[in-house]
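Since the structure comes first, as structure tokens, the remarks are kept for the end.
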Amino acid sequence: DFQFVSIATMSRAGSVFLSYLLASHEEVMTLPDIFSSDLHLLNISSFFSKTTQSEAIDTYIVNHKIIFDPKSDFDRSIRFGWLNMGLDHNSSFSVDQEYFKITLIKLLSQYSISREKLYYAIHAAYYIASGRDISKKTIIVLGTHMLLNAINIYHKELNNHSIIYCVRDPVASIFSSIHHQEQVYDRLFYDTYFSLVSYSLKCQSLLAFYKRHVYIVKLEDLHMNPNDTLQGLLSTLKLSGEAKILKAEVNGLEWHGESWSGSLNSGTFDINRLNKRNDAVKAKFSSDLDKLKNTLFYDCYYLYPEINS
């Protein structure tokens, strides 16, 4: 009777931060961000239908070794902020791979495999192997990223499923994506990210039809009014407790943010910092603003009407 929640997002709109905030709730299970995404879970779901359980689980562990041992991929874990967690800013996590495998096999033996049962078993086995209690867990959060995937893959195939859609000032979303790629890969992916964010924004035409199942979280609201924004989300998901208890964490350890550019991002609520970043990326790509407004943003006016002014 688990509830499944997909976190879909515009680019650079706080989906990682939000998923880690929800991860701190005693009723929520989620794998470390992108490794609970549609790509990873769909691949393993397909693989389980083609080979033995033991081989499928071994392949899953090999392909996702970083979520069991972050130090196995030191550079990526530094960027994800997984090696400087906890109160001492110097802690990480470790998950027993063999215990995960044994637990997952045991869980899967209890029922015929469906996509829902497989997703539940992977999350439950991961939590148990991490030494965490799952007795109060009622929600599994999936990091879907793309809104169409959340609707076409999960919403049509999973029972009791809802969607959180993270959005951000569209201009800042595009330019932050470009800026992010420039920092990480030292080259621009302008066309790729323009298409990606354009796709995300145009998906909003689907929201009218699916609005009963979609809860929108603005990144600006999350930073400016975190308690009210998160309390509304908890109420929508029928989760108990007060929003003020939520702190971003990964595997039970406090998470302080990503560090793709060498400095921490997103780990705390800071609307002034967010506004400065929005202004900075807009200024850097100011020559493209008119083009973007004229070709893209007319269809997201109800979320950010100020961009049409």
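For reference, positions follow the sequence shown, starting with 1. Note that the structure is predicted; figures quoted are calculated from it, not measured.
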From CA spacing to verdict: side-chain contact (heavy atoms from CB on, under 4.5 Å), R79, E258:
CA-CA 6 Å; R79 289 175 172 176; E258 300 170 322; over 6 Å; no

Tell me, with the steps shown, if M85 and E249 meet side-chain contact (heavy atoms from CB on, under 4.5 Å).
CA-CA 8 Å; M85 298 192 296; E249 67 173 42; over 6 Å; no

Candidate pair N84 and N90, rule side-chain contact (heavy atoms from CB on, under 4.5 Å), full reasoning:
CA-CA 4 Å; N84 62 341; N90 195 37; over 6 Å; no

Check against side-chain contact (heavy atoms from CB on, under 4.5 Å), Y126 and I67
CA-CA 9 Å; Y126 186 82; I67 70 172; 3.8 Å; yes

Take K137 and E27 through the test salt bridge (charged side-chain N to carboxylate O under 4.0 Å, His left out) and record every step on the way to the result.
CA-CA 4 Å; K137 304 300 183 183; E27 297 173 49; over 6 Å; no

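Atoms NZ and CE, on K218 and M224 in that order, are 10.5 Å from each other to the nearest 0.5 Å. Distance CD1/I164 to OG/S15: 10.5 Å, rounded to 0.5 Å. The line from CG of L230 to CG of L246 is 5.5 Å long, rounded to the nearest 0.5 Å. Between E26 atom CD and I134 atom CD1 the span is 14.0 Å, to the nearest 0.5 Å. To the nearest 0.5 Å, atom NE2 of residue H223 and atom CZ of residue R168 are 8.0 Å apart. Distance check: T51 OG1 to Q53 CD gives 10.0 Å after rounding to the nearest 0.5 Å.
Put simply, the side chain of S94 does not reach to within 4.5 Å of the side chain of D69, judged on heavy atoms. Inter-residue side-chain proximity for E254 and L87 is flagged as met; some heavy-atom pair is nearer than 4.5 Å. Taking 4.5 Å as the limit, some side-chain heavy atom of L18 sits within range of a side-chain heavy atom of L233. Annotation: side chain of F4 is in contact with side chain of L142 (closest heavy-atom distance under 4.5 Å). Residues Q97 and K65 have side chains in contact (heavy-atom distance under 4.5 Å, counting atoms from C-beta outward).
Judged purely by atom type and a 3.5 angstrom limit, S162 has no side-chain atom pairing as donor or acceptor with the backbone of V5. Listed for the W255 side chain is a donor-acceptor partner under 3.5 Å among the backbone atoms of F80.
Using a 4.5 Å cut-off between side-chain heavy atoms of Ile, Leu, Val, Met, Phe, Trp and Tyr, with links allowed through other members, F2 and L108 fall into the same hydrophobic cluster. With hydrophobic clusters built from ILVMFWY side chains whose heavy atoms lie under 4.5 angstrom apart, I102 does not share a cluster with I61. Connection of I105 to L107 is established within a shared hydrophobic cluster, with ILVMFWY side chains joined at heavy-atom distances below 4.5 Å, either directly or through further cluster members.
A 6.0 Å sphere centred on NZ of K117 holds no more than 12 heavy atoms belonging to other residues, nucleotides or ligands. Annotation for E242: atom CD does not count as buried by contact number, only 12 or fewer foreign heavy atoms lying within 6.0 Å.
P70 approaches S77 most closely through the heavy-atom pair O-OG, 2.6 Å. Of all non-hydrogen atoms in H25 and S240, the two that sit nearest each other are NE2-O, 2.6 Å. Of all non-hydrogen atoms in D221 and T229, the two that sit nearest each other are O-OG1, 3.1 Å. Nearest heavy atom pair, residue A129 against residue V95, reads CB-CG1, 3.7 Å. Minimum heavy-atom separation, T9 to A13: OG1-CB, 3.4 Å. Taking both residues in full, the closest heavy atoms of L253 and G86 are given as CB-N, 4.4 Å, listed atom of the first, atom of the second, then distance.
The aromatic rings of H64 and Y60 lie parallel to each other, their planes meeting at an angle below 30°, with 60° marking the opposite boundary.
A donor-acceptor contact closer than 3.5 angstrom links the side chains of S54 and K101. Side-chain contact of H123 with T30: a donor-acceptor pair under 3.5 Å is absent, judged by distance alone. The closest side-chain donor-acceptor pair between Y127 and N251, if any, does not fall under 3.5 angstrom.
Each of L239, L237, T138, V141 was scored for a side chain to side chain contact (heavy atoms under 4.5 Å, CB included) with Q3, with one residue passing: L237. For the ring pair (Phe, Tyr, Trp, His ring centres under 6.0 Å) with F68, the lone residue among Y99, F100, F93 that qualifies is F100.
A salt bridge links D73 and R76; the closest N-O separation between the charged side-chain nitrogens and carboxylate oxygens is under 4.0 Å.
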